[in-house]
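Only one structure is covered here, and it is reproduced in the block below.
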2 protein chains.
Amino acid sequence: MTLKLDKVNRGPHLSTLVASSISREIAQGRLKPGDQLPTEQQLAQTFGVSRNVVREAIARLRSEGRIWSQQGRGAFVADQPNATVLTIDFDALQQANAFQSLFELRGILEVQAAALAARRRSDGDLQAMKEALETMRAAPYGSVMWLKTDLEFHKTVAAATGNIYMVQFLTFVSEKVRESILASGNQQGSEDLAAVTLGEHERILDAIEAGDADEAQEAMRAHLHGAASRVGLAEE
Amino acid sequence: MTLKLDKVNRGPHLSTLVASSISREIAQGRLKPGDQLPTEQQLAQTFGVSRNVVREAIARLRSEGRIWSQQGRGAFVADQPNATVLTIDFDALQQANAFQSLFELRGILEVQAAALAARRRSDGDLQAMKEALETMRAAPYGSVMWLKTDLEFHKTVAAATGNIYMVQFLTFVSEKVRESILASGNQQGSEDLAAVTLGEHERILDAIEAGDADEAQEAMRAHLHGAASRVGLAEE
DNA sequence: TAACCAGTGTTGTATGATAACCATGTAAGT
DNA sequence: ACTTACATGGTTATCATACAACACTGGTTA
C-alpha cells in the first residue's frame with residue numbers, strides 16, 4: 001500500500017523542489033547576499049534535472065526578490081530579501097505571540113478601514129455589504145460556509161474604502177488568521193453566538209451607512225474584541 | 001524621450017511581462033476564479049514567445065498562488081488568490097491613484113505604529129531610534145543614504161511596537177513607496193527641507209520617549225502629511 | 001596608455017521531442 | 001444495464017539542443 005505515499009511524493013513540481021532547495025541555502029546562510037549562484041548548467045547537473053527546470057526555479061526566486069540575474073553574468077543572491085513579495089510562514093504562526101501580533105495588525109487595518117468606509121462608501125458598496133450580511137445570516141454558525149461569508153463581509157467593507165491595497169492586505173492577513181484558527185480547531189459554536197456576531201456586524205453596517213466614521217470605528221473595534229475572546233485570545 | 005517608459009514597460013525578462021499580463025487579466029476580472037487558462041501553446045502563440053517563457057511565467061504565478069495547474073488537465077485561476085504570498089505589481093504602482101492608495105495604507109500603519117510604540121517601547125528601542133536619527137542627521141538631504149536612514153528610523157519605530165508583522169508589513173509597504181518615488185524622480189531637495197524633516201522626526205521620537213501615544217500619533221500624522229506634500233501628493 | 005577586437009562563458013530565448021497524465025468515447029465482457 | 005478494458009486526443013512536465021544577446025578577459029594595435 002505505498003500508493004498514497006507515491007501520490008504525496010509526486011506532488012510538487014521539480015522546479016519547486018529546486019527553488020526551495022536553493023531558498024534553504026540562502027536562508028541558512030550558506031549563500032550570502034551578493035554571492036553568485038552556480039551556473040544554470042551546474043545547478044541542472046547537481047540536481048539532476050534539465051536546465052529548463054532550473055530556469056523555472058530561478059524565475060520563481062527572482063519574482064520573490066530573493067535573487068537577481070543578468071544576462072551574460074550570472075545569478076546573485078539579492079541584498080534585501082522580500083523585496084517584491086511578502087510571505088508569512090505558516091509554521092511560525094503557530095506560536096501564540098505571533099498569532100496575536102497578526103491579529104493586532106488585522107485589527108488596526110480593519111478599524112481604520114471601517115472609518116474610511118463610513119466616509120467613502122458608495123451605494124453599490126452598501127448593497128454588497130448588505131447582501132454579504134444576508135448570506136451570512138443564512139449560513140449555520142461555525143460552518144465553513146459561515147466563515148467564508150464572514151470574510152466576505154469584511155472584504156466588502158475593505159472594498160468600500162476605495163483603496164485597492166486595503167483590500168489586498170486585509171484579505172491576505174485575514175486569510176492567514178482564519179487558517180490559523182482553523183488549524184488550532186478553536187471554535188466551539190453555540191447558536192446564541194451567531195446572534196451576537198450578527199449583531200456586531202449589523203452595528204458596523206449601520207454606522208457605515210450613516211456615514212459615522214467614529215461609530216464605525218468603535219463598532220469594528222468591539223466586533224474584533226468579541227471575535228478575539230471567541231477564539232480564546234487574551235486581549236491586552 | 002520615451003526612454004523611461006520603455007524601461008518600465010520593458011521588464012527585462014519576457015516571462016515577467018507574460019506573468020504580469022496574465023495577472024492583469026485576472027485582476028480585471030476577465031479571467032475569473034475557476035476559469036481555465038489557454039493552453040501553453042496558445043499562450044505562447046498569442047504572446048509571440050516560446051512555450052518555455054510561458055512556463056516560467058506560469059511557474060511564477062503558481063508560486064504566487066494565483067493559479068494552479070495539473071498535468072494533463074491544464075492551468076486554472078485559483079479560487080482564493082494570494083494564498084501564500086502578497087505581491088505588489090510595480091507597473092500598476094505607476095498609476096497615480098494606486099500610489100496614493102499605497103501611501104494611505106502606509107500612513108495608517110505608521111500612525112498606529114507610533115501610538116503603539118509610545119506605549120510599549122523599551123529602552124533598547126529608544127536607543128535604536130536615537131541612533132537612527134543621528135545617522136540621518138549626518139547624511140546629505142535627498143541622497144540615497146538619506147533615504148536609507150529615513151527608512152531605518154521608521155523601521156525602529158515599527159520594531160518598538162513589539163509586533164513582528166508590523167515591522168514586516170511596514171518595511172514592505174515603505175519599500176514599495178520609496179521605489180515608486182525614486183522611479184518618478186520626484187524630489188527636489190533644498191537644505192531647509194532637511195531641517196524640517198528632521199524636526200518632524202524629533203517630535204515623533206520625543207512623544208514616543210514620553211510615552212504619549214496621542215501625541216506620537218499626531219506627530220507621525222504631521223510627518224506623513226509633510227512627506228506627502230514633499231513628493232507632490234495631494235492630500236484629501 | 002588607450003582603444004579595439006576576438007574568444008569564451010553565461011544567461012535569455014526558441015524549438016522539437018518524449019513521458020506522464022487526464023478526459024472521453026467505444027467496444028468487450030459480465 | 002453495468003462494468004471493465006482499451007484506444008485516442010489533448011495537455012502539462014520534462015528533457016535536450018541550438019542560437020542570440022551580453023559580460024568579461026586578454027591580447028593586439030594605434
Side-chain angles (χ1 to χ4, degrees), chain A residues 2-23 25-26 31 33-79 84, chain B residues 3 6-23 25-26 31 34-78:
Chain A
T2 56
L3 273 181
K4 248 181 184 172
L5 270 178
D6 276 351
K7 211 164 186 181
V8 169
N9 283 349
R10 175 156 277 297
H13 305 279
L14 284 182
S15 59
T16 61
L17 289 182
V18 173
S20 50
S21 187
I22 297 177
S23 202
E25 295 286 310
I26 296 176
L31 278 174
D35 280 1
Q36 179 166 11
L37 272 71
T39 69
E40 294 179 351
Q41 287 229 7
Q42 286 174 327
L43 285 174
Q45 203 162 356
T46 59
F47 283 113
V49 298
S50 83
R51 190 163 86 99
N52 222 313
V53 170
V54 171
R55 280 195 60 78
E56 283 184 22
I58 293 212
R60 172 172 175 169
L61 293 175
R62 197 173 37 219
S63 86
E64 291 176 2
R66 291 192 153 84
I67 68 174
W68 60 274
S69 60
Q70 191 178 357
Q71 183 173 150
R73 287 188 57 187
F76 303 85
V77 179
D79 291 335
T84 61
Chain B
L3 271 180
D6 275 350
K7 210 164 185 184
V8 169
N9 283 349
R10 197 180 78 82
H13 307 293
L14 286 181
S15 60
T16 61
L17 288 182
V18 173
S20 51
S21 187
I22 297 177
S23 203
E25 295 286 309
I26 297 177
L31 278 174
D35 280 1
Q36 180 167 11
L37 271 71
T39 69
E40 294 179 351
Q41 288 233 8
Q42 286 174 325
L43 285 175
Q45 203 162 354
T46 59
F47 284 114
V49 299
S50 84
R51 199 179 139 229
N52 222 314
V53 170
V54 171
R55 279 196 60 79
E56 285 181 19
I58 294 213
R60 171 173 175 169
L61 293 175
R62 196 173 37 219
S63 87
E64 292 175 2
R66 289 192 152 82
I67 68 174
W68 59 275
S69 61
Q70 191 177 358
Q71 182 174 149
R73 287 189 58 188
F76 303 84
V77 179

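Chain A is the first sequence line, chain B the second, and so forth, proteins listed ahead of strands; every chain is numbered from 1.
- In this structure, CD of B/E40 is placed 18 Å from P of C/dA17, rounded to the nearest angstrom.
- Here the CG atom belonging to A/L43 is positioned 5.0 Å from the CD1 atom belonging to A/I22, to the nearest 0.5 angstrom.
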Table of protein N/O atoms under 3.5 Å from nucleotides 6-10 of chain D N/O atoms:
from: D/dG10; atom 1: N2; to: B/G72; atom 2: O; distance (Å): 3.3

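- Contact annotation for A/L14: backbone-only contact, meaning every heavy-atom pair under 4.0 Å involves sugar-phosphate atoms and none involves a base.
- Contact annotation: side chain of A/R51 to base of C/dG12, donor-acceptor pair present below 3.5 Å.
- In terms of the side chain to side chain contact (heavy atoms under 4.5 Å, CB included) criterion, A/Q71 has no residue partners (sequence neighbours excluded).
- For the pair A/Q41 CD and D/dA18 C1', the computed distance is 12 Å after rounding to whole Å.
- Applying the ring-ring contact (aromatic ring centres under 6.0 Å, His included) test to every pair with at least one member in residues 46-70 of chain B, sequence neighbours left out, gives these pairs: B/W68-B/F76.
- Scored by the side-chain hydrogen bond (donor to acceptor under 3.5 Å, both in side chains) test, A/S15 finds no partners at all (sequence neighbours excluded).
- When the side chain to side chain contact (heavy atoms under 4.5 Å, CB included) test is applied to A/R60, the partners found at least two apart in sequence or on another chain are A/T16, A/A19, A/E64, B/S63.
- Rounded to whole Å, atom P of D/dT12 lies 16 Å from atom CD of B/E56.
- For residues 67-77 of chain B, no residue pair satisfies the salt bridge (charged side-chain N to carboxylate O under 4.0 Å, His left out) rule, not counting sequence neighbours.
- With the nearest nucleotide of DNA chain C identified for both A/A75 and A/N52, A/A75 has the one nearer the 5' end.
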Between the protein and nucleotides 6-8 of chain C, are there any N/O to N/O pairs under 3.5 Å, and if so, what are the atom names and distances?
none

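- If you measure from atom CG of A/L43 to atom C1' of C/dG9, you get 15 Å, rounded to the nearest angstrom.
- Checked against side-chain hydrogen bond (donor to acceptor under 3.5 Å, both in side chains), A/E25 has the following partners two or more places apart in sequence or in another chain: A/R30.
- The interatomic distance linking A/H13 (NE2) with D/dT14 (C1') rounds to 12 Å, in whole Å.
- Across all strands, B/Q70 comes closer than 4.0 Å only to sugar-phosphate atoms, never to a base (heavy-atom distances).
- Nearest-nucleotide positions on DNA chain D place B/Q42 closer to the 5' end than the other of A/V49 and B/Q42.
- Counting only heavy atoms from C-beta on, B/V53 has its side chain closest to C/dT13 among D/dA13, C/dT13, D/dA16.
- A/Q45 meets the side chain to side chain contact (heavy atoms under 4.5 Å, CB included) test with no other residue; sequence neighbours excluded.
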